[in-house]
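Here is the naming used below: chain letters follow the sequence lines, and residue numbers restart at 1 for every chain. The shown structure was predicted, so the numbers you read here are calculated from the model rather than taken from an experiment.
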There are 2 protein chains.
Amino acid sequence: METAVLRGRPREFDVDHALTAALRVFWSKGYEGASMTDLTDAMGITRPSLYAAFGNKESLFRKALDLYEREKLCYMGQALEAPTARGVAQRLLQGSLENQTSRDDPRGCLGVISSVACGAEADCIRQEVLERGRIAHQALIERMERAVAEGDFHTPVDAEGITKYLTAILQGMAVQAGAGASREDLQRLVDTTLAVWPSR
Amino acid sequence: METAVLRGRPREFDVDHALTAALRVFWSKGYEGASMTDLTDAMGITRPSLYAAFGNKESLFRKALDLYEREKLCYMGQALEAPTARGVAQRLLQGSLENQTSRDDPRGCLGVISSVACGAEADCIRQEVLERGRIAHQALIERMERAVAEGDFHTPVDAEGITKYLTAILQGMAVQAGAGASREDLQRLVDTTLAVWPSR
DNA sequence: CAGTTTCCATATCGCTCGGTAGATAATTAC
DNA sequence: GTAATTATCTACCGAGCGATATGGAAACTG
């Protein structure tokens, strides 16, 4: 659906590069905490350029969220392909740890930040983030149902319970990362979780 | 340090009642999400009355935080007195669940909301909340050290690791409660955590 | 009573917010 | 060449933010 030939004055900045910069701002400060001035400064463009290219703040955030899922959360899909429930948990925990302690990225999880730190004004943003979380949650439930059926667990657990449990640990890890926990701290959390994990 | 004799016109509203109302606003919307208009509306007082009685927004928040710890987090101290590590975890999880699903209170944990949802402008608020969290965390570590020494754990874990682990689950529970999880959902999370808990 | 102190209400301050108007610059279409 | 189209710039809008100045009313002391 792209126009075959571009007319008019060409854009002077790279849209993908600018969106990456915007994602970092949202990731650091949350949706409401990120002001348009913060965003334009980081993106290196002026305010009207931003509106022309991305619509408005909400639309920009959604595009940044897409980028975040595409670039930063791809490990989740791979994690579900692990052969055992323990493997799934291990990949999710380790991937989340890598993601949240990468040297160049902000700490914490954009999804957790955006769902917790959203005022009433931006409730549709919050709902959007929660909905995306529900989709991932559902996929994890289904993977755990398979693990239960395959007899992975040596402790009696139900798929929904173990999914909420693992999700809670991942969310708690994001909270601790955002609070400034070191990589060693989070690695200890991962190790402990795997030490008590009730399946092969 | 109270003035022995009150002179001048007495205050027409109840400070504790107003502070309780303010706490509910901060609990629902976070520090920055709560506007002075939100606060004065909920407290039933005018803006100058608020400033005269509580100083400024930051000071009001600290007083609300004190009230929150005193009224809502007292179960934590009691939890540490349980005879076994499992008892500590059980009381913390169940107390947190009750706290976050009470019919009349907002969902989620004020501490988590305030530490995650704080922009750069209110960083001293964030630091204050994190510091209070560190104090509680340290107390839990010491309790777990005792449990390790007393041989509570049948899986090899270290006190700091199991503390970060349990804290993460409590934080994750707060995130899920804030996201709208039902009491039954959270109860399942608690039950699963206790089902895999590695100690007596 | 007078005098003092404090509270409350209105109206406003300076500032930042998200978003935009209008003029100018750079490119393509003809 | 000229017209059309699009991006960019400066400057600005109305609204909401936290916080306050001011003035009058109310309740205390002596």
Applying side chain to side chain donor-acceptor pair (under 3.5 Å) to B/E128 and not counting sequence neighbours gives B/R62, B/R132
From CZ of B/F54 across to P of D/dA19 the rounded distance in Å is 14 Å
| said: Is there a side-chain contact between B/S49 and the phosphate of C/dC8, meaning an N or O under 4.0 Å from OP1 or OP2? | reply: yes
Distances under 3.5 Å between nitrogen or oxygen atoms of protein and nucleotides 12-21 of chain C:
unit_1	atom_1	unit_2	atom_2	d
C/dC17	OP1	A/S35	OG	3.4
C/dG18	OP1	A/A34	O	3.2
C/dG18	OP1	A/K57	NZ	2.7
C/dG18	OP2	A/M36	N	2.6
C/dG18	N7	A/R47	NH1	3.2
C/dG19	OP2	A/Y51	OH	2.9
C/dG19	OP2	A/K57	N	3.2
C/dG19	O5'	A/Y51	OH	3.2
C/dG19	N7	A/R47	NH1	3.3

Sorted by chain and residue number, the ring pair (Phe, Tyr, Trp, His ring centres under 6.0 Å) partners of B/Y165 (sequence neighbours excluded) come out as none
Result for side-chain contact (heavy atoms from CB on, under 4.5 Å) between B/L97 and one of B/T101, B/N99, B/L93 points to B/T101
Residues pairing under side chain to side chain donor-acceptor pair (under 3.5 Å) where one sits in residues 77-89 of chain B, two or more places apart or in two chains, turn out to be none
Applying ring pair (Phe, Tyr, Trp, His ring centres under 6.0 Å) to A/Y68 and not counting sequence neighbours gives A/W27
Within residues 11-25 of chain A, the residues having a heavy atom closer than 4.0 Å to DNA chain D are A/R11, A/E12, A/F13
Tabulate protein N/O versus nucleotide N/O from nucleotides 2-5 of chain D, keeping only pairs under 3.5 Å, one per line.
none

Contacts of B/S49 meeting side chain to side chain donor-acceptor pair (under 3.5 Å) (sequence neighbours excluded), chain-then-number -> B/T46
Taken in chain and number order and not counting sequence neighbours, the residues that satisfy side chain to side chain donor-acceptor pair (under 3.5 Å) with B/S114 are none
Does A/T46 make a side-chain N or O approach to OP1 or OP2 of D/dC9 shorter than 4.0 Å? yes
A/W197 meets the side chain to side chain donor-acceptor pair (under 3.5 Å) criterion, sequence neighbours left out, with A/S199
Residues 36-45 of chain A vs side chain to side chain donor-acceptor pair (under 3.5 Å), sequence neighbours excluded, gives A/K29-A/D38, A/S35-A/D38, A/T37-A/R47
Rounded to whole Å, the CG-C1' distance (B/L50 to D/dC17) equals 15 Å
Here the ring pair (Phe, Tyr, Trp, His ring centres under 6.0 Å) pairs for residues 90-118 of chain B, sequence neighbours left out, are none
